Asks: 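The structure's right below; bear with me while I get my questions together.
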Amino acid sequence: MRRILSSMLQKEEEVFMMGASGTYEPETVLSSMKQNQPDVLFLGVDRVKSESMSLFRKLRTSNPHLHIILLTPLNKEGANVAIQGLKEGAIDYVTKPEKSRGFILAEKHFHKRVIPLIKAIPKLNRKMRSEIASAGDRKVSKEFFQNVGRMNPANIELVVVGSCVGGVSSNFQILSALPENLPVPIVIVQHMPKIYTEVFSAKLNESTPLKVIEAKNGSLLEPGTVYIAPGGFHSIIKCESGRKRIELHKGPRVHRCRPSIDVLLRSAVQEFDGQMLGIFLSGSGNDGALGALKILEYGGSILVESRESALISELAQKVKILNSDIPERSAEKLSGEIIKAIKAASKQKKFRFTSQAYGSSGSYSGSIEA
């Protein structure tokens with residue numbers, strides 16, 4: 001695996017491959033990091049309880065500015081490693097095939113995942129240009145869309161969260177501070193493969209008073225429940241007999257993503273007639289920008305994670321271009337903004353819910369009533 005990855009990186013222009021090693025001996029690795037001062041380290045970690053995970057934590061302490069990308073197996077233990085690593089400061093992860101199979105496809109898979117990550121490194125937590133678009137993708141810019149929508153829904157009946165690179169830790173911060181009896185459902189699209197979204201939902205469920213589940217085909221949307229779009233499927237929302245539910249399908253990838261934020265939002269704005277709040281967290285690429293446009297065209301509201309908070313704010317800034325009034329907030333403050341937006345949009349609808357501190361400085365205490 002190291003040979004395949006090393007060979008691929010050595011062929012890339014503007015990438016200098018400093019070396020590869022099979023050792024996890026802390027002193028040797030820390031000495032190498034000090035001597036070479038790399039920008040990025042790819043670190044293979046197969047299990048949470050392992051010397052490689054211990055090394056990751058030592059590196060996070062001794063080299064806090066080093067960008068670490070975890071190489072994890074595509075299984076449940078690998079998903080546990082990835083989620084834990086992202087919570088503790090890894091910038092992302094790349095799945096690797098099992099040793100017994102998959103080597104033939106490894107280079108293609110690595111190229112698809114690793115090269116975009118390498119190219120995104122210079123953008124991490126830096127000021128984004130006002131227009132960023134990949135070749136071949138439809139542009140979303142002020143030239144075509146300027147201050148679309150009024151962001152004044154009569155009510156908010158759904159919250160949709162879209163995130164990519166860096167979004168895992170932000171989702172944990174936000175959900176941990178929301179109240180158990182939140183009066184609306186939340187659907188989250190976090191770009192992840194199958195198995196990983198299952199573990200992601202389970203870990204989130206342990207950290208919030210809300211009920212968090214991985215969405216299934218036919219899942220009914222219920223208030224106070226968070227639905228994670230499963231990896232490998234697109235999630236859409238449909239209404240049957242007056243009940244809104246999630247349906248899954250394996251349509252073509254959109255912006256190279258499945259699940260896709262745009263696919264979910266296209267269905268959500270129609271079924272909820274714009275009575276919704278879209279939240280865009282850390283991430284790169286174009287998936288979500290056109291969905292945000294749909295929210296605004298239908299009169300819904302949007303919040304984005306701030307440049308200072310997001311690991312990479314490319315997606316959020318593409319969304320921000322659509323309407324200059326879209327608020328930017330740090331991840332720890334977004335939970336309060338969600339509560340505020342639901343309250344402000346629901347003046348004609350009586351509800352009462354209590355929000356209390358739950359593991360985040362961004363949480364509220366007491367009751368909010370409209």
Side-chain angles (χ1 to χ4, degrees), residues 38-43 45 56-57 59-61 63-72 79 81-95 113-130 132 134 161-177 188-193 196-197 200 203-204 207 228 255-257 259 261 278-289 292 302-321 326-335 337 360-362:
D39 298 302
V40 187
L41 171 68
F42 288 90
L43 181 65
V45 182
F56 164 72
R57 290 171 174 140
L59 286 166
R60 287 292 300 138
T61 301
N63 299 64
H65 300 296
L66 174 65
H67 300 307
I68 302 177
I69 297 172
L70 300 175
L71 298 169
T72 59
V81 169
I83 302 302
Q84 191 61 38
L86 292 170
K87 288 174 67 177
E88 295 183 24
I91 65 167
D92 210 344
Y93 64 91
V94 176
T95 59
R113 284 284 289 132
V114 169
I115 301 306
L117 275 174
I118 292 290
K119 292 181 177 179
I121 296 296
K123 303 175 185 177
L124 296 183
N125 224 355
R126 287 177 169 84
K127 187 176 181 180
M128 297 294 110
R129 290 176 295 156
S130 61
I132 309 170
S134 301
V161 180
S163 56
C164 186
V165 180
V168 168
S169 59
S170 298
N171 273 299
F172 273 96
Q173 287 188 69
I174 294 165
L175 293 189
S176 66
I188 296 175
V189 177
Q190 169 71 47
H191 292 154
M192 279 185 168
Y196 280 51
T197 48
F200 180 47
K203 295 294 184 182
L204 278 172
S207 69
I228 307 299
H255 302 296
R256 299 181 293 276
C257 298
I261 304 168
I279 300 172
F280 297 86
L281 305 179
S282 178
S284 61
N286 288 310
D287 188 36
I302 288 177
L303 294 168
V304 300
E305 186 173 4
S306 66
R307 298 169 189 253
E308 295 75 23
S309 170
L311 178 66
I312 180 167
S313 62
E314 182 179 344
L315 173 59
Q317 294 311 308
K318 285 179 181 178
V319 172
K320 177 78 173 176
I321 286 170
I326 293 174
E328 292 185 60
R329 298 290 185 268
S330 65
E332 67 176 0
K333 292 182 179 178
L334 278 171
S335 55
E337 292 296 321
S360 170
S361 58

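Quick caveat, the model's predicted, so the values are computed rather than measured. Basis for what follows: all heavy atoms, side chains included, without hydrogens, waters or symmetry-related copies.
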Asks: Got a donor-acceptor contact below 3.5 angstrom from the R60 side chain to the E88 backbone?
Replies: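 A pair under 3.5 Å: yes.
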
Asks: Within a strict 4.5 Å, meaning less than it, do heavy atoms of the S169 and L86 side chains meet?
Replies: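 No, too far: nothing below the 4.5 Å cut-off.
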
Asks: Given R256 and H191, is the side chain to side chain contact (heavy atoms under 4.5 Å, CB included) satisfied, shown in steps?
Replies: CA-CA 10 Å; R256 299 181 293 276; H191 292 154; over 6 Å; no

Asks: What distance do I118 atom CD1 and I69 atom CD1 have between them, rounded to the nearest 0.5 Å?
Replies: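 That separation rounds to 5.5 Å.
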
Asks: For the pair K320 (side chain) and S306 (backbone), establish whether a donor and an acceptor sit closer than 3.5 Å, ignoring hydrogens and angles.
Replies: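 No, K320 side chain to S306 backbone: no donor-acceptor pair under 3.5 Å.
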
Asks: State, with a plain yes or no, whether a side-chain heavy atom of I261 is found less than 4.5 Å away from one of F280.
Replies: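 Answer yes - side chains close enough.
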
Asks: Give me the atom names and distance for the closest heavy-atom approach of S176 to Q173.
Replies: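 That closest heavy-atom pairing would be OG-O, 3.0 Å.
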
Asks: With respect to Y93, which candidate in F56, F42, Y196 satisfies the ring-ring contact (aromatic ring centres under 6.0 Å, His included) definition?
Replies: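 Answer after filtering F56, F42, Y196: Y196.
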
Asks: Considering only heavy atoms from C-beta outward, does the side chain of L281 approach that of I174 to under 4.5 Å?
Replies: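 Yes, at least one pair of side-chain atoms sits under 4.5 Å.
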
Asks: Just wondering, do V165 and E314 contact through their side chains at under 4.5 Å, heavy atoms?
Replies: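 Result no, sub-4.5 Å side-chain heavy-atom pair not found.
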
Asks: A side-chain contact here means heavy atoms from C-beta on lying under 4.5 Å apart; do I83 and M192 qualify?
Replies: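 When only atoms from C-beta onward are counted, M192 and I83 do touch, with a gap below 4.5 Å.
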
Asks: Please round to the nearest 0.5 Å and tell me the distance separating atom CG of N171 and atom CG of L334.
Replies: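 The CG atom of N171 sits 10.0 Å away from the CG atom of L334.
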
Asks: Locate the shortest heavy-atom distance separating E328 from R307; write the atom from each residue and the value.
Replies: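 Residues E328 and R307, closest heavy atoms: OE1-N, 3.7 Å.
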
Asks: Which atom names give the shortest non-hydrogen contact between L66 and P38, and what distance separates them?
Replies: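 L66 and P38 have their closest heavy atoms at CD1-O, 3.4 Å.
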
Asks: At what distance, to the nearest 0.5 angstrom, does NZ of K318 lie from CG of N286?
Replies: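 Result: 3.0 Å between the selected atoms.
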
Asks: To the nearest 0.5 angstrom, please state how far the CG atom of L71 sits from the CG atom of L43.
Replies: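 Interatomic distance, L71 CG to L43 CG, rounded to 0.5 Å: 7.5 Å.
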
Asks: Do L315 and C164 touch side chain to side chain, with heavy atoms closer than 4.5 Å?
Replies: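 Side-chain contact under 4.5 Å: no.
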
Asks: Counting N and O atoms only, with roles assigned by atom type, does the side chain of S309 sit under 3.5 Å from a partner on the main chain of A331, one being a donor and the other an acceptor?
Replies: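 The answer is yes, because a donor-acceptor pair under 3.5 Å joins these two groups.
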
Asks: With rounding to the nearest 0.5 angstrom, report the CG to CD1 distance, L117 to I91.
Replies: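 That separation rounds to 6.0 Å.
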
Asks: Look up atom CG in L59 and atom CD1 in I68, then write down how far apart they are to the nearest 0.5 Å.
Replies: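 Taking CG in L59 and CD1 in I68, the distance rounds to 5.0 Å.
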
Asks: Given side chains that start at C-beta, do those of L175 and I188 come closer than 4.5 Å, heavy atoms only?
Replies: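 Yes, close enough: below the 4.5 Å cut-off.
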
Asks: Which pair of heavy atoms, one from V319 and one from A289, lies closest together, and at what distance?
Replies: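 What the structure gives for the nearest pair is CG2-CA, 4.3 Å.
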
Asks: Give a yes or no on whether the backbone of Q190 and the side-chain of S163 come within a donor-acceptor separation of less than 3.5 Å.
Replies: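 Looks like no, no N/O pair under 3.5 Å.
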
